[in-house]
Amino acid sequence: MRLSSRAASLLAVAAALPLALTACSSGSSDTASAASAKPAKAKDPNAGLATGTQLKKALAPASAFPAGFALQADNSADSGSQFLDPEAKSTAKTDCTRLLGTSWIQATGYKGGVSFAQNDYAVKDQTQDLAQEIDEFQGTTAADVMKEFASVATACAAFTDSDTHATVKVTGKSTAGLGDEAYTLTLTSGTWQNGTTLIAARSGGAVVTVMSTAGSDNGAASAKKLTTTVLSRLK
């Protein structure tokens, strides 16, 4: 519809030219110059960003996961070939329970990027889980998102899991050697057999978020390995 509206505007300018030339020949060169001048093209805020379809290809493949882990189809999604409208950061109180599931990036108050792709691999009895997500953000928003993870660690230092009523403790730290910058959150509880490691790493305008409960180290090693794999596939 915008193309039709733009075309109508050009036709109106063309129809007015003969009248302008007849009425004032002395200004004909100025009028012609104005008519021939092309309006500046607005910069595309999504220029250079990957679509959800492209991000899906950057996710770690099945071969990157330990034996016994299978793709969970219900937790696989992407934004396709179209970009989503950017959404402002929520000003609501931090929802710490977001840290207990996939798409935990939403604990920052940001719902996600203008494009995304995610999936989840787990063992048969669901006792061990590895999830990955990539979100692309416009401008400097990705850097703004990264700043929020430290705030989340502070706000959620101790919270209650509404499903199990268990007390969850959260620690966070900046992590070197992953992308342009990275932050790690570790979740533990006295009622859990193993904790959870969450890693967020930025590469340009993309933020990779990984969740792991695999292994006996609160998922730390497997989370780092998965993050490294996804970052290498984004380049």
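Positions are given from 1, in the same order as the sequence printed here. All figures in this text were calculated on a predicted structure; none of them were measured in a lab.
No hydrogens or angles considered: nothing links the side chains of Thr102 and Glu133 as a donor-acceptor pair under 3.5 Å. The closest side-chain donor-acceptor pair between Thr164 and Asp161 falls under 3.5 angstrom. For Ser212 and Ser222, the side-chain atoms include at least one donor-acceptor pair closer than 3.5 Å.
Between Gln106 and Asp95, the closest side-chain pair of non-hydrogen atoms is not below 4.5 Å. A heavy-atom distance below 4.5 Å is not found between the side chains of Tyr183 and Ile199. Two residues are said to be in side-chain contact when any heavy atoms from C-beta on lie closer than 4.5 Å; Val208 and Leu231 meet this criterion. Counting heavy atoms from C-beta outward, Val230 and Arg233 have side chains that stay 4.5 Å or more apart. Taking the side chain as every heavy atom from C-beta outward, Gln118 and Ser76 never approach each other to under 4.5 Å. Side-chain contact between Val123 and Phe65 is absent, with no heavy-atom pair separated by less than 4.5 Å. In this structure, Val168 and Thr160 have side chains that are not in contact, with every pair of non-hydrogen atoms separated by 4.5 Å or more. The closest side-chain heavy-atom distance from Trp104 to Leu187 is not below 4.5 Å.
Looking at Ser79, its side chain does come within 3.5 Å of a backbone N or O of Phe116 through a donor-acceptor pair. In terms of modelled atom types and a separation under 3.5 Å, the side chain of Thr154 and the main chain of Ala150 share a donor-acceptor contact. Between the side chain of Thr228 and the backbone N or O of Lys224 there is at least one donor-acceptor pair closer than 3.5 Å. Side-chain atoms of Thr184 do not come within 3.5 Å of backbone N or O of Thr175 as any donor-acceptor pair. With Asn218 contributing its side chain and Ala220 its backbone, the two residues share no donor-acceptor pair below 3.5 Å. At least one donor-acceptor pair closer than 3.5 Å links the side chain of Gln72 to the backbone N or O of Ala70.
Around NZ of Lys89, the count of heavy atoms belonging to other residues, nucleotides or ligands within 6.0 Å exceeds 12. The number of heavy-atom neighbours closer than 6.0 Å to CD of Gln193, taken from other residues, nucleotides and ligands shown, is 12 or below. Counting heavy-atom neighbours within 6.0 Å of Asp125 CG, excluding the residue itself, gives a total above 12.
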- Determine, stepwise, if the pair Leu55 / Thr51 fulfils side chain to side chain contact (heavy atoms under 4.5 Å, CB included). CA-CA 6 Å; Leu55 293 176; Thr51 64; over 6 Å; no
- Task: Go through Glu148 and Tyr110 one step at a time and tell me if the side chain to side chain contact (heavy atoms under 4.5 Å, CB included) criterion holds.
- Result: CA-CA 9 Å; Glu148 294 300 320; Tyr110 289 91; 4.0 Å; yes
- Task: Determine, stepwise, if the pair Asp85 / Val114 fulfils side chain to side chain contact (heavy atoms under 4.5 Å, CB included).
- Result: CA-CA 6 Å; Asp85 291 332; Val114 292; over 6 Å; no
- Test side chain to side chain contact (heavy atoms under 4.5 Å, CB included) applied to Phe159 and Leu100, step by step: CA-CA 11 Å; Phe159 70 95; Leu100 300 173; 4.0 Å; yes
- Task: Take Asn46 and Gln138 through the test side chain to side chain donor-acceptor pair (under 3.5 Å) and record every step on the way to the result.
- Result: CA-CA 6 Å; Asn46 297 318; Gln138 295 177 347; 2.7 Å; yes
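Ala58 approaches Ile134 most closely through the heavy-atom pair CB-CD1, 3.9 Å. Heavy atoms only, all atoms of each residue included: Gly52 and Ser115 are closest at N-CB, 3.7 Å. The minimum heavy-atom distance linking Ser203 with Leu234 is given by the pair CB-CD1, 4.4 Å. Looking at every heavy atom in both residues, Asp135 comes nearest to Gly113 through OD2-N, 3.0 Å. Heavy atoms only, all atoms of each residue included: Ala223 and Val210 are closest at O-CG1, 3.7 Å. Closest heavy-atom contact between Leu130 and Pro66: CD1-CD, 3.7 Å.
We find the OG1-CE distance between Thr141 and Met146 to be 13.5 Å, quoted to the nearest 0.5 Å. To the nearest 0.5 Å, atoms CG (Leu84) and NZ (Lys111) are separated by 11.5 Å. Within the model, atoms CG of Leu99 and CE of Met211 stand 10.5 Å from one another, a figure rounded to the nearest 0.5 Å.
Leu198 and Leu178 are members of different hydrophobic clusters when ILVMFWY side chains are connected at heavy-atom separations under 4.5 Å. No chain of hydrophobic side-chain contacts below 4.5 Å, direct or via other Ile, Leu, Val, Met, Phe, Trp or Tyr residues, connects Leu59 to Ile105.
Among residues two or more places apart in sequence or in another chain, the side-chain contact (heavy atoms from CB on, under 4.5 Å) test is passed with Thr213 by Gln128, Asp129, Thr196.
Of the candidates Asp120, Thr227, Asn119, Gln132 forms a side-chain hydrogen bond (donor to acceptor under 3.5 Å, both in side chains) with just one, namely Asn119.
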